[in-house]
Visitor: 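Got a structure for you, written out below as structure tokens; questions coming shortly.
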2 protein chains.
Amino acid sequence: MDTSEKNVITSLDVARHAGVSRSAVSRTFTPGASVAPATREKVLASAKALGYQVNMIARTMNKGSSNFVGVVTAGFDSAFRASLLSPIAHSLSRRGLMPLLMNADDPAQLEQSLHALLSYQIAGVILTSASPPLSVVQHYLDRQIPVAMINRGHELAGAEVVGSDNRAGGRMAADALLKGGARRLAFVGQGAHNFSSRERWLGFSQRLAEVGVEAQTVFNETPGYQGGMQALLALFSQGEGPDAIFCATDMLALGVMDALRFTLHLQVPQQVQVIGFDDIAQAAQLAYDLTTVRQDSVQLAQRAVGAIVARGENFMRVAEFEPVPVTLIERGTTKIQK
Amino acid sequence: MDTSEKNVITSLDVARHAGVSRSAVSRTFTPGASVAPATREKVLASAKALGYQVNMIARTMNKGSSNFVGVVTAGFDSAFRASLLSPIAHSLSRRGLMPLLMNADDPAQLEQSLHALLSYQIAGVILTSASPPLSVVQHYLDRQIPVAMINRGHELAGAEVVGSDNRAGGRMAADALLKGGARRLAFVGQGAHNFSSRERWLGFSQRLAEVGVEAQTVFNETPGYQGGMQALLALFSQGEGPDAIFCATDMLALGVMDALRFTLHLQVPQQVQVIGFDDIAQAAQLAYDLTTVRQDSVQLAQRAVGAIVARGENFMRVAEFEPVPVTLIERGTTKIQK
DNA sequence: TTGTACGCGTTATCAC
DNA sequence: GTGATAACGCGTACAA
């Protein structure tokens with residue numbers, strides 16, 4: 001019972017079944033081709049009958065470019081980045097593009113992987129991570145492959161940049177804390193090399209400067225929950241300590257909150273107000289109920305995908321950066337006075 | 001300055017540069033081919049000089065199968081599933097395979113997408129979601145494409161099944177709660193159609209039966225945090241309510257805890273003990289400090305990838321299911337009595 | 001509008 | 001061990 005027949009249907013099979021030529025079949029499945037409605041019908045009928053679908057690999061080979069889009073992400077454990085992944089996959093799929101996943105956790109491996117992507121004739125690359133080396137990214141641009149970066153600086157001419165209005169978010173945070181009566185403000189962020197963290201701090205401190213206040217700042221290399229705890233203990237290790245803290249990410253804020261409550265036994269928000277950034281799902285849980293600045297991850301994803309597509313059609317297009325609006329979500333870690 | 005030269009290097013370019021034939025180049029880059037060390041050296045040198053890399057698309061077309069592996073996931077928002085994604089990508093990459101991401105959030109779209117994967121000559125599919133329709137999966141098996149499913153039942157002959165030892169985990173949870181003096185036990189799980197949830201409940205209730213105890217159970221259709229809150233309120237809506245609760249996932253447990261603490265104002269673990277399942281990062285945060293049964297996601301990922309590879313080499317191999325061990329992580333939501 | 005013929009870059013087969 | 005040659009399945013200029 002050796003049924004090792006080639007079970008795969010090609011355009012030739014469909015052509016024969018429909019009594020037309022292979023090119024007729026090809027044209028039927030090529031958007032924007034010229035086929036007579038009659039033959040088109042015949043072909044589609046035969047295709048459905050045989051279960052034919054275009055071999056994307058063959059199509060890619062002869063057209064020279066695919067519908068693969070590399071999605072580079074470091075740390076799916078980051079809740080916000082994970083929340084970006086789903087809408088990205090969705091947006092790509094809606095436009096007939098295929099997400100090729102690329103893990104950027106290991107910087108050494110990453111450079112290889114990014115280079116390897118080139119041999120797949122990819123249609124573009126989306127970077128959601130803060131880390132990938134720009135040297136490799138330049139390779140893509142040299143080969144006319146569109147690159148979109150989310151929440152990064154405009155360090156690379158020719159790369160599309162999509163991002164939230166981080167500065168406005170920082171200003172919102174400042175206003176909210178001031179409105180709650182804050183007098184000694186602090187900022188907790190990630191390493192100064194981190195673009196979005198720096199932007200949020202800039203917005204925050206600029207707003208404070210306008211009202212003549214200066215904020216204490218801690219840039220911690222350790223990200224996330226642990227980083228937040230460390231940063232908080234550093235803030236309180238000398239002097240009086242702040243009565244209001246703006247954190248560059250929600251995860252930092254959760255660490256800050258837990259260190260405040262369980263290590264220093266301080267009340268949030270009565271003694272110390274806290275604001276985060278991102279609005280991850282966890283921020284809404286009752287144990288934290290964190291006031292935060294929400295990023296619109298669906299919007300970010302759509303813009304990144306849109307940018308890839310647009311630049312695919314015209315690689316030399318002028319990219320104008322327009323930040324995606326953010327929203328203050330007021331919950332229980334700030335004091336609202338009506 | 002129209003530099004629209006074909007900038008891409010092919011094996012022919014390398015062949016010419018090295019003064020050999022195209023075949024020699026191809027053999028050099030084909031694992032397990034026979035090339036004279038001397039020519040091999042020449043080829044590699046030329047390849048490096050020109051910046052050549054094998055065109056994977058052309059290779060795929062010629063060989064009839066690619067190194068793409070479809071990774072099907074519903075809801076990256078689920079922390080545990082997200083934690084699976086990173087090791088899967090890593091394991092695949094170590095074996096020279098490429099993860100093609102597939103979002104299963106929209107069931108209607110999913111069936112199309114899964115079908116579309118076929119036109120990419122994929123080498124296999126890994127399902128981490130509980131939902132995908134088995135009908136489509138059968139298509140893959142019919143075409144001799146390996147399929148690995150994580151934490152699902154053996155519903156499909158020929159599909160590789162990888163999973164945690166869910167029953168043992170349920171037993172551990174029972175023992176831990178009993179050891180803490182529990183008398184009125186309850187189980188909170190996801191809909192009965194959910195395989196791993198059911199298995200965990202089976203282990204739990206079997207262990208309890210051995211000591212002559214019966215548990216109250218709530219199977220809630222709503223998953224995650226919200227589902228946990230709902231389930232808990234249901235448990236306490238009549239009668240005395242349990243003094244110990246085993247939840248099929250950590251997210252359910254977090255919802256249960258917050259409803260206990262913030263809605264019913266009960267003490268955890270003094271009045272009610274809680275145990276979760278998964279050990280997501282959030283379980284270790286001080287605000288919850290949740291005792292839980294840890295799944296080894298790295299191990300699960302490696303096995304799934306290994307299964308794909310093994311079955312790719314021999315599609316008819318006999319797959320023996322061996323559950324991945326789980327570990328009880330004791331934290332602050334159970335009472336430990338030495 | 002339709003069919004014919006060629007090329008995309010690679011690997012497998014076959015003589016040498 | 002090496003080099004020529006034939007596929008792989010598709011899109012598309014070209015001629016009809």
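Every chain is numbered from 1, with letters handed out A, B, ... down the list of sequences. In what follows, every heavy atom counts, from backbone to side chain, and hydrogens, waters and symmetry copies are set aside.
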Visitor: When you look at CD of B:Glu322, are more than 12 heavy atoms from neighbouring residues, nucleotides or ligands closer to it than 6.0 Å?
Guide: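 Result for CD/B:Glu322: open.
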
Visitor: Picking from C:dT2, D:dT5, C:dG9, which would you name as closest to the side chain of B:Arg22?
Guide: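 Closest nucleotide among those given: D:dT5.
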
Visitor: When you measure from the side chain of A:Thr39, which nucleotide among C:dT10, D:dT2, C:dT2 comes out closest?
Guide: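 Closest of the options to the side chain of A:Thr39: C:dT2.
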
Visitor: Write down the distance between CE (B:Met61) and P (D:dC8), rounded to a whole number of angstrom.
Guide: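 In whole Å, D:dC8 P lies 10 Å from B:Met61 CE.
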
Visitor: Look at the side chain of B:Arg40 against the base of D:dG1 and say whether a donor-acceptor pair falls under 3.5 Å; ignore hydrogens and angles.
Guide: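 No.
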
Visitor: Check if the side chain of A:Asn62 and the base of C:dC8 share a donor-acceptor pair of N or O atoms closer than 3.5 Å.
Guide: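 For A:Asn62, whose side chain was compared with the base of C:dC8, there is no donor-acceptor pair (under 3.5 Å).
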
Visitor: Would you mind classifying the nucleic acid contact of A:Ser26 as base, sugar-phosphate or nothing, using non-hydrogen atoms under 4.0 angstrom?
Guide: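 The residue A:Ser26 makes base contact.
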
Visitor: Considering every strand and a 4.0 Å limit on heavy-atom distances, what is the contact class for A:Tyr52: base, sugar-phosphate, or nothing?
Guide: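 If one applies the 4.0 Å heavy-atom cut-off, A:Tyr52 turns out to touch the sugar-phosphate alone, with no base involved.
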
Visitor: Nearest whole angstrom, please: distance from the P of C:dT10 to the CE of B:Met56.
Guide: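 Value for this atom pair: 11 Å.
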
Visitor: For a quick check of understanding: with a heavy-atom distance under 4.0 Å over all strands, which category does A:Thr10 fall into, base, sugar-phosphate or nothing?
Guide: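 The answer is sugar-phosphate, as A:Thr10 gets under 4.0 Å only of primed atoms, P, OP1 or OP2.
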
Visitor: Using a 4.0 Å heavy-atom cut-off, does A:Val25 contact any base of the nucleic acid, only the sugar-phosphate backbone, or nothing at all?
Guide: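 Touches nothing.
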
Visitor: Between C:dT2, C:dG9, D:dC10, which nucleotide gets closest to the side-chain atoms of A:Ala58?
Guide: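 Output: D:dC10.
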
Visitor: Starting from P on D:dC10, measure out to CZ on A:Arg59 and report it in whole angstrom.
Guide: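 One finds 9 Å between P of D:dC10 and CZ of A:Arg59, rounded.
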
Visitor: Any donor-acceptor pair under 3.5 Å joining the side chain of B:Ser23 to the base of D:dA4?
Guide: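 Yes, a donor-acceptor pair under 3.5 Å.
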
Visitor: Can you name the closest pair of heavy atoms from B:Ala123 and B:Ser66 and give their distance?
Guide: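 The pair with the smallest heavy-atom distance is CB-O, 3.3 Å.
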
Visitor: In whole angstrom, give the distance that lies between atom OH of B:Tyr120 and atom P of D:dC8.
Guide: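 Rounded to the whole Å, the gap is 22 Å.
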
Visitor: Measure from the side-chain heavy atoms of A:Arg27 and tell me the nearest of C:dT1, C:dT10, D:dT12.
Guide: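 Output: D:dT12.
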
Visitor: Specify the separation, in whole Å, of atom CG of A:Leu12 and atom P of C:dG3.
Guide: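 Spelled out: CG on A:Leu12 to P on C:dG3 is 13 Å.
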
Visitor: Using the rule side-chain hydrogen bond (donor to acceptor under 3.5 Å, both in side chains), only one of A:Arg317, A:His154, A:Arg303 pairs with A:Glu160; which is it?
Guide: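 By the side-chain hydrogen bond (donor to acceptor under 3.5 Å, both in side chains) criterion, A:Glu160 pairs with just one of A:Arg317, A:His154, A:Arg303: A:Arg317.
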
Visitor: Ignoring the backbone of B:Lys63, work out which of C:dT2, C:dA12, C:dG9 is nearest its side chain.
Guide: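 Out of C:dT2, C:dA12, C:dG9, the nucleotide with an atom closest to B:Lys63's side chain is C:dA12.
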
Visitor: Testing the basics here: between B:Phe68 and B:Tyr120, what is the closest heavy-atom pair and its distance to 0.1 Å?
Guide: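 Looking at all heavy atoms of both residues, the closest pair is CD1-O, 3.7 Å.
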
Visitor: A:Ser21 has a side chain; which of C:dC8, D:dC10, C:dT4 sits nearest to it?
Guide: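 Nearest listed nucleotide: C:dT4.
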
Visitor: Among B:Thr128, B:Leu110, B:Ile126, exactly one meets side-chain contact (heavy atoms from CB on, under 4.5 Å) together with B:Val72. Which residue is that?
Guide: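 Of all the options given, the one that passes is B:Leu110.
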
Visitor: For the pair made of NZ in B:Lys42 and C1' in D:dG1, what is the distance, rounded to whole Å?
Guide: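 That distance rounds to 12 Å.
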
Visitor: In this structure, how many angstroms lie between the P atom of D:dC10 and the CD1 atom of A:Ile57, rounded?
Guide: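 Checked: the CD1 to P distance equals 12 Å.
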
Visitor: Expressed as a whole number of angstroms, how long is the span from A:Ile9:CD1 to D:dC8:P?
Guide: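 Between P of D:dC8 and CD1 of A:Ile9: 14 Å.
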
Visitor: Look at the side chain of A:Thr30 and the backbone N and O of A:Ala33, then say whether any donor-acceptor pair between them is shorter than 3.5 Å.
Guide: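 No: the side chain of A:Thr30 does not pair with the backbone of A:Ala33.
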
